[in-house]
Amino acid sequence: MLALRAGRAFDGERTLAGPVTVITENGTIKAVEQGHPDVAGAEVVDLGTATVLPGLIDTHVHLCADSENGALDRLPEFTEDHLDEVVEDGLRRHLLAGVTTVRDLGDRRWSVVEQRSRHRQRVLASGPPITSPRGHCWSMGGEASGDEALRRAVRERAERAADVVKIMASGGFATPGTAVDDCQFTEHELRVVVEEAHGLGLPVTAHAHSLAAVQRAVAAGVDGVEHCTCLSRGAVVLPAELLDALAEADIAVCHTLGSTLEPPPHVKEAFERMGMSLAAKLNAVGRMYDHGVRAVSGTDGGIGAGKGHGITAHALGDMIDAGLPNRAVLASATSQAARACGVGKGMLRAGWDADVIAVPGDPLRDITALHHVTTVVIGGQVVTTTLPSARRE
């Protein structure tokens, strides 16, 4: 048993006034209690005035990517040993940032899918994203064309026990020559993938930068949309009927925010040409939230020097800048992210997985507290802490 004493808590949905004690047993949360009760036989960790909250979830990462520019392009050059090192380094960065669950949305030839059980953190994985011939991220091995090939691609993911099916509904900035502001699949083809996946119990999330790709993905019945940039004729365009459809279908939208550096010159030029400035992106994020569209946090971690692993705090800061309230921002990386990923995490409540982090101060008042994670607990075990060692009672 473990008893975490703290000044206050955010339980994934609401604030719990302090002091509080989170009690865990056998990898799950046994109770969250007001005050500091005695817990016989428990290892007690006194976190002082810190805030405890569920371990963060990054719903969009690429663990095969090494956080350097051109990371996805260089994947075919990696040896197995080097790839293992890249994955381990990415997970280490996430751990230091308080991320206890990651959802990998694009590996090369099943490399992440096959090693999910090796790591301390929970790793969910899609395998290679389904893409059109020579489409976005084609070198990962997920090219498919035609109804039967698309169905086979989905069945292969089910057979390999993938956690989610990802499909590239539009081109992407990281693959030169693909149609970022257009579509890679028809609405019919997207529907074929969704129907096959749902029949096999798998959710589908669609990478979509263009307005037309987002519209087709929503019409096809996807469960999530990645980026959801809605580019059309050099601008970000958000028709009211699309916002209504996203909200009514309760589709999880991952805006893939967060960056520590400007993008490479060729990517920055493409952003500017298509009207995808940070200001335009944040305005869209705010408008979607005001319209009731469900947001989940994800970073696209690993794909570039400014998009490294472990930048969730930066992504959440961007959501604050977009006008979202702190509570909704924290939920996007905890309870809402867990719901989108289909895992029993993201809440500090009895019966949920005992993944817990601590930060100084109060992130409900100042989101930058998440830049200073002091303690990480996974499955009821302290895996990293900068605080004094625990004592037994």
Side-chain angles (χ1 to χ4, degrees), residues 58-60 105 136 168-174 179-183 205-220 222-260 262-263 267-301 303-304 306-307 311-333 336-337 340 367:
D58 191 328
T59 67
H60 188 139
L105 290 183
H136 183 40
M168 301 300 203
S170 77
F173 292 100
V180 178
D181 55 352
D182 205 345
C183 301
T205 194
H207 159 109
H209 279 300
S210 74
L211 172 61
V214 175
Q215 290 170 324
R216 289 182 184 182
V218 172
V222 298
D223 304 281
V225 177
E226 309 301 312
H227 312 298
C228 203
T229 320
C230 299
L231 297 173
S232 179
R233 298 182 179 181
V236 174
V237 180
L238 298 176
E241 58 271 20
L242 174 60
L243 298 181
D244 288 341
L246 285 164
E248 289 170 8
D250 198 28
I251 291 171
V253 172
C254 177
H255 298 289
T256 57
L257 297 171
S259 183
T260 57
E262 285 198 344
V267 175
K268 184 178 180 182
E269 186 277 329
F271 283 0
E272 292 171 351
R273 185 177 69 252
M274 295 181 187
M276 203 180 91
S277 67
L278 179 59
K281 178 73 171 174
L282 295 184
N283 178 65
V285 172
R287 286 182 59 194
M288 288 187 197
Y289 174 79
D290 290 342
H291 213 91
V293 176
R294 182 158 64 100
V296 298
S297 180
T299 62
D300 222 354
I303 66 167
K307 277 283 191 181
I311 63 168
T312 292
H314 294 274
L316 300 184
D318 282 349
M319 294 178 80
I320 295 291
D321 291 342
L324 277 64
N326 289 46
R327 183 169 299 168
V329 170
L330 290 172
S332 78
Q336 290 294 339
I367 204 72

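Just the heavy atoms: all of them, side chains too, but no hydrogens, waters or symmetry mates, feed the values below. These numbers come from a predicted model, not from an experiment.
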- Message: Just so I know, are the side chains of L246 and V253 near enough to count as touching, which here means a heavy-atom distance under 4.5 Å?
- Response: yes
- Query: Is there a side-chain contact (heavy atoms from CB on, under 4.5 Å) between T205 and V222 once you walk through the steps?
  - Reply: CA-CA 6 Å; T205 194; V222 298; over 6 Å; no
- Item | Pairwise distance CG(D290) to CG(L324) - rounded to 0.5 angstrom | 7.5 Å
- Message: For E269, I'd like to know if atom CD has over 12 heavy atoms of other residues, nucleotides or ligands within 6.0 Å.
- Response: yes
- Message: Quick check: closest heavy atoms across S170 and D182, and the distance to 0.1 Å?
- Response: CB-O, 3.1 Å
- Run the numbers on D223 and I251 for side-chain contact (heavy atoms from CB on, under 4.5 Å), then give the verdict. CA-CA 5 Å; D223 304 281; I251 291 171; over 6 Å; no
- Taking all non-hydrogen atoms of both residues into account, name the closest pair between G298 and D58 and its distance. CA-OD1, 3.2 Å
- Task: Check the angle between the aromatic planes of H227 and H207 and answer parallel, tilted or perpendicular using the 30° and 60° thresholds.
- Result: perpendicular
- Minimal heavy-atom distance between L238 and R287, with the atoms involved, is O-NH2, 3.4 Å
- Task: Quick one: pull up CG in L231 and CE in M274 and give me the separation to the nearest 0.5 Å.
- Result: 7.0 Å
- Check the pair D250, R294 against salt bridge (Lys or Arg N to Asp or Glu O under 4.0 Å), reporting the backbone distance first and the verdict last. CA-CA 6 Å; D250 198 28; R294 182 158 64 100; 3.1 Å; yes
- Apply side-chain hydrogen bond (donor to acceptor under 3.5 Å, both in side chains) to D181 and S210, showing your working. CA-CA 4 Å; D181 55 352; S210 74; over 6 Å; no
- Under a 4.5 Å cut-off applied to non-hydrogen side-chain atoms, are M319 and S332 in contact? yes
- At their closest point, which heavy atom of A240 faces which heavy atom of H291, and how far apart are they? O-NE2, 4.0 Å
- Check whether any side-chain N or O of K307 sits under 3.5 Å from a backbone N or O of P263 as a donor-acceptor pair, and report yes or no. no
- Query: What pair of heavy atoms forms the shortest contact from V237 to L211, and how long is it?
  - Reply: O-CD1, 3.7 Å
- Quick one: closest heavy-atom pair of C230 and M288, and the distance? SG-CE, 4.4 Å
- Query: Just wondering, do T299 and H60 contact through their side chains at under 4.5 Å, heavy atoms?
  - Reply: no
- Please round to the nearest 0.5 Å and tell me the distance separating atom CG of L330 and atom CG of L316. 7.0 Å
- CG of D321 to CG of L282: how many Å apart, nearest 0.5 Å? 6.5 Å
- To the nearest 0.5 Å, tell me how far H209 NE2 sits from H136 NE2. 6.0 Å
- Message: With rounding to the nearest 0.5 angstrom, report the SG to CZ distance, C183 to R216.
- Response: 3.5 Å
- CA sep, side-chain torsions, deciding dist, call: C254, L105, side-chain contact (heavy atoms from CB on, under 4.5 Å): CA-CA 12 Å; C254 177; L105 290 183; over 6 Å; no
- How are the rings of F271 and F173 set to each other: parallel, tilted or perpendicular (split at 30° and 60°)? perpendicular
